[in-house]
Amino acid sequence: MKWLKINTVLLSAVLSFWAPLSQADTQFRVIVDASGSMLISDPDKLTSEALRLISNLAPEEEATLGIWLFGEEPRVLLPESIVNKATKSKLASYVNSYVTQDVKTDLEAIIKLLLDTPDSGNLAPEFNRHWILVTDGMVDISLDEVVNKASRDRILNELMARLEERDIHLHTVSMTGYTDKDLLESLSLRTDATHTEVAIPEDLLDTFDRIFTQASPSDELPFDGNQFVVDDAIDELTLVVFHEDGVQPRVVKPDGSLLSLVNDRNASVAASDHYTLITVRMPDAGVWQVNNVDLERSSIRVITNLSSQATKIAPIVFVNEPIYSTVGLFQKNVIIKDDNILNLVTVKQTLIRLSGEQKETILSHEMTQTNGQFKQRLEGIVEPGNYELVSLLDGKTFSRQLSQYFTVHPAIDFKGTNPGGNLIAFSAHPVNLKLNVSRSNIKLEFTYNNGTTETEEMQLVGQGYWEKIIPVSADDNVKVRAKLIGMTQTGLRFDYWTPFWHFNRKGDEAPTVGLDDVDPTSMLLMSIPSSNRDLMPVMVLPAVSVVNEVEEDGELSSEPDAADIQTSDVDKAVEKTDSLSKTEWMMYIGLNLGGILIIAAGIFLYRRMQKNKSLKSDDTDDV
């Protein structure tokens, strides 16, 4: 089999002259607010730098990029095309000159336009769609709020359904606190994407960097202070460094010399006011050093044949949903299971909560090695927000780092309303299609003035959401909360308590309903499901527990569906590299036979040409 693979690789090099160019696996479409208020929200045009950043991060020929502006009318800034040097040059000449002066913001029109715009570029059949929306306003197409509300409803219903149907991840970015957060967050949650509120314009660069990493993860090297270690297995590294305006990074090579950012034949640089990308091909092994940069925000991406892979984390993780994580070490895409090597490797995972420019470390824990892989389960994240899970592999002579970004959010949107008369209605809508509605249920817990409690089950309406309508008697004063016993589409079970609501009615007046004002400490205790058998709740937000492999095996016997979760991306990679399917065998054989025929034809044509040349030479001599 080995000789067949080697032969196939050699023949593929020959066949590449006849093969089409490689296909892009990711589509980036960026939608930028062009209203006049953006001049106030982003006076230094950091949006322009962020647009250039994502084009510089994308490997050439492996992604497409298009940029649209929206305001009173949608318009194209950069037509969608494959990312290459020409695209980057064209973008650089466009982004600093576009005008932001529109009075209205017609979000509905731009989303509809992009949904109707055909894909462009040489995209692979199973490519990923990542769209990014940057805005500082709300749906504002008319002075009549009824018209604006109708447009907003069409976005949340008709257009949202089309986004979900096409598996589009719509990342939304709020530039101010005046945006329609509920709308933007719903767009992102429903489409498995991130919503970010930018505290200062500079944070926009970090946001775009995280979105790109989420869309296209890669191996990284960790910083040790301002140093990092390059080993012999690294073919290429890219420093993504952020810095103050006008400051130039200084990179020191292992021999103590300064890396030239201008004329080093092995280095290429993409520079902007607040960031610099430095790519070094075949970097020298040893300790490197970088100065004049913000190390907390910077990263080092690498291309290497000694890589790490981790179980993919869903972009949206529900509050209290467990996260199963498996990390493996790979040599040329084949998992390493040699205990002599793995016993020298430690893997530590760190969970970080992101809030603007602030990063809060929630926990740091060493993973357990089992069957050539490193595993653990995280449970109990109760505070919604954006998070990063960093996996650091230390192999003594080498190190690798993986950064995974995700959003934690309650699985349901629970609300109380007064539909009229003496009635109160409670509804619970899933925020994401990841929740298996048919296998989940919700119970309402009522607490009365005399201290007694009752529970009632909410009815599932049309397999779409839960609802309960309650008649309210005169002088009723009741607290109510809901408990979701949830199940994801992949079979993971979790519990979630909603915050308390209350409803009351004074005499014959209409009843009122609203969120209850309770102490945050008691809310935290309520949020921890009583069925959590792993760890007692900790009085710290968010409360996270770590379950190692031994405990995990004991848990799985009571949750048969959870066994499916253990087939991680790492496990699948192992199966893929350890065996060849019938189709792959046929492909290898076909490539070899095809290559032999082409080579034979080439030899035949070459000899024919030589023979004709010889005949022509004889004819010339005869003359």
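The shortest side-chain heavy-atom distance between Pro322 and Leu492 falls under the 4.5 Å cut-off. A heavy-atom distance below 4.5 Å is not found between the side chains of Thr311 and Tyr324. With contacts defined as side-chain heavy-atom distances shorter than 4.5 Å, the pair Thr26/Phe127 does not qualify. Contact annotation: the side chain of Leu53 approaches that of Tyr275 to within less than 4.5 Å [non-hydrogen atoms, C-beta and beyond]. Inter-residue side-chain proximity for Asp167 and Arg129 is flagged as unmet; no heavy-atom pair is nearer than 4.5 Å. Between Phe318 and Asn432 there is a side-chain heavy-atom pair separated by less than 4.5 Å. At least one side-chain heavy atom of Ile141 sits less than 4.5 Å from a side-chain heavy atom of Asn148. Side chains of Leu389 and Ile313 form a contact here, defined as non-hydrogen atoms less than 4.5 Å apart.
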I would like to know whether Phe426 and Glu467 meet side chain to side chain contact (heavy atoms under 4.5 Å, CB included); could you show each step before the answer? CA-CA 6 Å; Phe426 286 100; Glu467 187 177 56; over 6 Å; no

Assess whether side chain to side chain donor-acceptor pair (under 3.5 Å) is satisfied between Asn436 and Ser438, documenting all intermediate values. CA-CA 6 Å; Asn436 191 328; Ser438 62; 2.8 Å; yes

Determine, step by step, whether His171 and Leu133 satisfy the side chain to side chain contact (heavy atoms under 4.5 Å, CB included) criterion, reporting the C-alpha distance in whole Å, the side-chain angles of both residues, the deciding distance to 0.1 Å, and the verdict. CA-CA 6 Å; His171 305 270; Leu133 167 64; over 6 Å; no

Hey, mind stepping through Glu457 and Trp466 against side chain to side chain donor-acceptor pair (under 3.5 Å) and telling me if it holds? CA-CA 9 Å; Glu457 191 162 330; Trp466 293 267; over 6 Å; no

Carefully, step by step, assess Thr512 and Asn504 under the rule side chain to side chain donor-acceptor pair (under 3.5 Å). CA-CA 6 Å; Thr512 60; Asn504 59 59; 3.0 Å; yes

As a quick check of understanding, evaluate side chain to side chain contact (heavy atoms under 4.5 Å, CB included) for Lys479 and Tyr448, giving each step before the final call. CA-CA 7 Å; Lys479 289 185 178 182; Tyr448 300 95; over 6 Å; no

Report the C-alpha separation of Met367 and Val327 in whole Å, then their side-chain angles, then the decisive distance to 0.1 Å, and conclude whether the side chain to side chain contact (heavy atoms under 4.5 Å, CB included) test is met. CA-CA 9 Å; Met367 301 182 76; Val327 176; 3.8 Å; yes

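Judged by the 6.0 Å distance and 45° axis criteria, Arg481 is positioned over the aromatic ring of Trp497.
Using a distance-only test at 3.5 Å, with no hydrogens or angles considered, a donor-acceptor pair links the side chain of Asn320 to the main chain of Asp495. Between the Arg400 side chain and the Leu392 main chain, no donor and acceptor come within less than 3.5 Å of each other. Checked by atom type and distance alone, the side chain of Thr135 pairs as donor or acceptor with a backbone atom of Gly137 at under 3.5 Å. Of the possible polar contacts, none joining the Thr453 side chain to the Thr447 backbone as a donor-acceptor pair under 3.5 Å is found. No side-chain donor-acceptor contact under 3.5 Å links Lys104 to the backbone of Ser35. With hydrogens and angles disregarded, no donor-acceptor distance shorter than 3.5 Å links the side chain of Thr350 to the backbone of Val390. Thr196 contributes no side-chain N or O that, together with a main-chain N or O of Val198, makes up a donor-acceptor pair within less than 3.5 Å.
Here His169 contributes atom NE2 and Leu187 contributes atom CG; the two are 14.5 Å apart, rounded to the nearest 0.5 Å. The NE2 atom of His365 lies 12.5 Å from the CG atom of Leu351; values are rounded to the nearest 0.5 Å. Expressed to the nearest 0.5 Å, how far OG of Ser427 lies from CD of Gln459 amounts to 14.0 Å. A distance of 9.5 Å separates CG of Leu435 from CD of Glu321, quoted to the nearest 0.5 Å. For the atom pair CZ (Arg505) and CG (Asn477), the distance works out to 13.5 Å, reported to the nearest 0.5 Å. With rounding to the nearest 0.5 Å, the separation of CD1 in Ile54 from CD1 in Ile67 is 9.0 Å.
Using a 4.0 Å cut-off between charged side-chain N and carboxylate O, Arg190 and Asp192 make no salt bridge. Salt bridge Lys181/Glu197: present, at least one basic N to carboxylate O contact under 4.0 Å. A salt bridge is absent between Arg210 and Asp206: the closest approach of a Lys/Arg side-chain nitrogen to an acidic carboxylate oxygen does not fall below 4.0 angstrom. Remark: Glu366 does not engage Lys348 in a salt bridge, criterion side-chain N to carboxylate O under 4.0 Å. Note on Lys483 versus Glu445: no salt bridge recorded, every NZ/NE/NH1/NH2 to OD/OE distance being 4.0 Å or above. Here Glu456 does not pair with Lys443 in a salt bridge; the nearest charged N to carboxylate O distance is not below 4.0 Å. Using a 4.0 Å cut-off between a side-chain N of Lys or Arg and a carboxylate O of Asp or Glu, Arg353 and Glu383 qualify as a salt bridge. Using a 4.0 Å cut-off between charged nitrogen and carboxylate oxygen, Asp180 and Arg152 count as a salt-bridge pair.
The two residues Phe70 and Thr105 make their nearest non-hydrogen contact at CE1-CB, 4.1 Å. Minimum interatomic distance between Leu515 and Phe500 (heavy atoms only, all atoms of both residues): CD2-O, 3.6 Å. Contact between Ala314 and Lys434 at its shortest, heavy atoms only, is CB-NZ, 3.9 Å. Residues Pro384 and Val319 approach most closely at CG-CG2, 4.4 Å, considering heavy atoms. Closest non-hydrogen pair, Leu170 versus Ser188, comes out as O-OG, 3.0 Å. The two residues Arg301 and Phe212 come nearest to each other via the heavy atoms NH2-CD2, 4.3 Å.
Atom CG of Asp508 is surrounded by 12 or fewer heavy atoms from other residues, nucleotides or ligands within 6.0 Å.
Side-chain contact check for Asp42 and Thr47: at least one donor-acceptor pair (N or O, by modelled atom type) lies under 3.5 Å. A donor-acceptor contact closer than 3.5 angstrom links the side chains of Gln349 and Ser325. For the residue pair Asp136 / Ser174, no side-chain donor-acceptor distance below 3.5 Å is found, with atom types taken as modelled. Side-chain atoms of Glu108 and Ser151 include a donor-acceptor pair closer than 3.5 Å.
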Output side-chain donor-acceptor pairs under 3.5 Å for residues 405-417, partner residues at least two apart or in another chain, one line each.
{"from": "Tyr405", "atom 1": "OH", "to": "Glu388", "atom 2": "OE2", "distance (Å)": "3.3"}
{"from": "Thr407", "atom 1": "OG1", "to": "Asn386", "atom 2": "OD1", "distance (Å)": "2.8"}

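Pairs of residues two or more places apart, or lying in two chains, never qualify as ring-ring contact (aromatic ring centres under 6.0 Å, His included) while including a residue from residues 172-204.
Below 30°, between 30° and 60°, or above 60°: for Phe503 and Phe446 the angle between ring planes is above 60°, a perpendicular geometry.
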